[in-house]
Amino acid sequence: MSSHTSPAIELRGTSKAFRTPSGALHTAVRDLDLVVERGEFVAVVGPTGCGKSTTLTLVSGLEEPTEGEVLVGGEPVRGIGDKIGFVFQQDAVFPWRTVLSNVMAGPRFRGVPKAEARQRARDWLARVGLAAFEDRYPHQLSGGQRKRVALAATFVNDPELLLMDEPFSALDVQTRALMSDELLELWSGTGASVVFVTHDLEESIALADKVVVMTAGPATVKEVFEIALPRPRKVESVRLEPRFLEIYREIWSSLGEEVRITRERGAADVA
């Protein structure tokens, strides 16, 4: 990544269109302008299927924009950068590898000597509370434990930019809250910038410095809300604060419109 004075991420007039199986052109995001500052935690919310995940793939370099620019650290994105970590909705772990081997995989792929990679992996497993599980395989773990492995495997690479695509959506409510607290604790002090895609408005407010509301597809940025809640935060307690409820109502008044538009389109398609 380039100059430390430039934002972590900039999307300038970015659009992305895909060719559908029938040959038609589908525009997923259109004229997208978005800035994420260094060290900032940004949550992205919007109706189902509006293009939130496409935004992440453009930033990661997995996809190229059809129009506009995508900059990371002030430089145009050219393929997948080595300072980007990606946490998916599905557990991106190797089922045939042990927990320790899964967390070691990233550093080893980047050329870190085996002994150093093992030590770094053990340090991060300790931080996520899985030191006693290093010789287990993913199928022997709970959903929350597998997600902790995925987080350790991401943070062990010291990412400057962390992209998260609904990472906790498959977890039960209690585990989800615990994982959110754990994420905030792991992220604190790393200096990494985070873009966190979620359908859960409460989750976005509890975690983020800034919440970006996307329009009904093709997505563009509708509004950006600053989340003026102090850190450090505990997800369950911050949700009980009067200011949290005020912020929720304010953002939902914007997001709810886009959800309604998406539902009406779906009903019209069915009819």
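Residues: numbered from 1 along the sequence shown. For the numbers below, each heavy atom of this structure counts, side chains included, while hydrogens, waters and symmetry mates do not.
- Taking the charged nitrogens against the carboxylate oxygens, Glu37 and Lys210 have no contact shorter than 4.0 Å, which rules out a salt bridge.
- Atoms CD and OG1, from Glu64 and Thr57 in turn, are 11.0 Å apart once rounded to the nearest 0.5 Å.
- Identified under the ring-ring contact (aromatic ring centres under 6.0 Å, His included) test for residues 228-254, with sequence neighbours left out: none.
- Between the side chains of Asp135 and Thr98, no donor N or O sits under 3.5 Å from an acceptor N or O.
- Closest non-hydrogen pair, Lys52 versus Val45, comes out as CD-C, 3.7 Å.
- Side chains of Leu56 and Phe86 form a contact here, defined as non-hydrogen atoms less than 4.5 Å apart.
- Counting heavy atoms from C-beta on, the side chains of Phe168 and Leu183 come closer than 4.5 Å.
- To the nearest 0.5 angstrom, Thr190 atom OG1 is 8.0 Å from Leu162 atom CG.
- Side chain of Thr175 to backbone of Leu171: no donor-acceptor contact under 3.5 angstrom is found.
- The minimum heavy-atom distance linking Leu245 with Arg239 is given by the pair CD2-O, 4.3 Å.
- Judged as a ring pair (Phe, Tyr, Trp, His ring centres under 6.0 Å), and not counting sequence neighbours, the contacts of Phe94 are Trp96.
- Between the Arg136 side chain and the Gln140 main chain, no donor and acceptor come within less than 3.5 Å of each other.
- Contact annotation: the side chain of Val195 approaches that of Val36 to within less than 4.5 Å [non-hydrogen atoms, C-beta and beyond].
- Counting heavy atoms from C-beta on, the side chains of Val194 and Glu40 never come closer than 4.5 Å.
- Nearest heavy-atom pair across Ala117 and Arg108 is CB-CD, 3.8 Å.
- Ser188 places no side-chain N or O within 3.5 Å of a backbone atom of Leu184 that could act as its donor or acceptor partner.
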Practice item. Go through the steps for Arg38 and Ser6 under the test side chain to side chain contact (heavy atoms under 4.5 Å, CB included), then give the verdict. Key: CA-CA 8 Å; Arg38 291 176 184 269; Ser6 57; 3.5 Å; yes
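- With salt bridges taken as basic N to acidic carboxylate O contacts below 4.0 Å, none links Arg249 and Glu246.
- Glu258 and Thr215 form no side-chain donor-acceptor contact under 3.5 Å, judged by distance and modelled atom types alone.
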Check your understanding: Going through the distances and angles, do Glu223 and Ser254 end up as a side chain to side chain donor-acceptor pair (under 3.5 Å)?
Key -> CA-CA 8 Å; Glu223 284 189 81; Ser254 178; 2.9 Å; yes
Review point. Would Leu161 and Val59 satisfy side chain to side chain contact (heavy atoms under 4.5 Å, CB included), going step by step from the backbone distance to the final call?
Key: CA-CA 10 Å; Leu161 182 56; Val59 172; 3.8 Å; yes
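- The side-chain heavy atoms of Ser193 and Glu160, taken from C-beta on, include no pair separated by under 4.5 Å.
- The closest donor-acceptor contact from the side chain of Ser204 to the backbone of Ala43 lies at 3.5 Å or more, if one exists at all.
- Atom CZ of Phe18 sits in a crowded spot, with more than 12 heavy atoms from other residues, nucleotides or ligands closer than 6.0 Å.
- Between the side chain of Asp200 and the backbone N or O of Glu202, at least one donor-acceptor pair lies under 3.5 Å.
- Rounding to the nearest 0.5 Å gives a distance of 4.5 Å between OG1 of Thr66 and NZ of Lys16.
- When the side chains of ILVMFWY residues are joined at heavy-atom separations under 4.5 Å, either directly or via intervening members, Ile84 and Val42 end up in a single hydrophobic cluster.
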Point to revise | Evaluation steps, side chain to side chain contact (heavy atoms under 4.5 Å, CB included), between Asp165 and Val87 | key: CA-CA 6 Å; Asp165 193 0; Val87 182; over 6 Å; no
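- Leu130 and Leu178 fall into different hydrophobic clusters, defined by Ile, Leu, Val, Met, Phe, Trp and Tyr side-chain heavy atoms under 4.5 Å apart, directly or through other members.
- Here the closest non-hydrogen pair linking Val128 and Ala152 is CG2-CB, 4.1 Å.
- Considering SG of Cys50 and CD1 of Ile261, their distance stands at 11.5 Å, rounded to 0.5 Å.
- When hydrophobic clusters are built by joining Ile, Leu, Val, Met, Phe, Trp and Tyr residues whose side-chain heavy atoms come closer than 4.5 Å, directly or via intermediates, Leu186 is grouped together with Val149.
- Ion pairing between a basic and an acidic side chain is recognised when a charged N comes within 4.0 Å of a carboxylate O; Arg243 and Glu241 show no such pairing.
- For the pair His26 and Arg19, the minimum side-chain heavy-atom distance is 4.5 Å or more.
- A continuous path of ILVMFWY side-chain contacts below 4.5 Å connects Leu201 to Val238, so both sit in one hydrophobic cluster.
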Practice item. Any chance you could lay out the side chain to side chain contact (heavy atoms under 4.5 Å, CB included) test for Leu11 and Asp33, step after step, and finish with the verdict? Key: CA-CA 5 Å; Leu11 291 96; Asp33 292 312; over 6 Å; no
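- Linking Ile, Leu, Val, Met, Phe, Trp and Tyr residues whenever their side-chain heavy atoms come within less than 4.5 Å places Leu32 and Leu62 in a single cluster.
- A side-chain contact (heavy atoms from CB on, under 4.5 Å) with Val156 is found for one member of Asn102, Val112, Val103 and no other, namely Val103.
- Classified by interplanar angle (parallel below 30°, tilted 30° to 60°, perpendicular above 60°), the ring pair Trp187/Phe41 is perpendicular.
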**Study point:** Arg233 and Asp181: CA distance, side-chain angles, deciding distance, salt bridge (charged side-chain N to carboxylate O under 4.0 Å, His left out) verdict
**Key:** CA-CA 8 Å; Arg233 297 179 196 163; Asp181 284 338; over 6 Å; no
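- Annotation: side chain of Arg148 is not in contact with side chain of Leu125 (no heavy-atom distance under 4.5 Å).
- Evaluated for a side-chain contact (heavy atoms from CB on, under 4.5 Å) with Met164, the options Val44, Val197, Leu151, Leu207 yield exactly one hit, Leu151.
- The CG atom of Asp172 lies 11.5 Å from the CE atom of Met179; values are rounded to the nearest 0.5 Å.
- Around CD of Glu67, the count of heavy atoms belonging to other residues, nucleotides or ligands within 6.0 Å does not exceed 12.
- Side-chain contact between Leu58 and Val29 is present, with heavy atoms from C-beta onward closer than 4.5 Å.
- The two residues Gly46 and Leu255 come nearest to each other via the heavy atoms CA-CD1, 3.7 Å.
- Between Ser15 and Arg30, the shortest heavy-atom distance links the atoms OG-CA, 3.4 Å.
- Using a distance-only test at 3.5 Å, with no hydrogens or angles considered, a donor-acceptor pair links the side chain of Ser253 to the main chain of Glu250.
- To the nearest 0.5 Å, atom CG of residue Asp31 and atom CZ of residue Arg12 are 15.0 Å apart.
- A donor-acceptor contact shorter than 3.5 Å is absent between the side chain of Thr27 and the backbone of Ala17.
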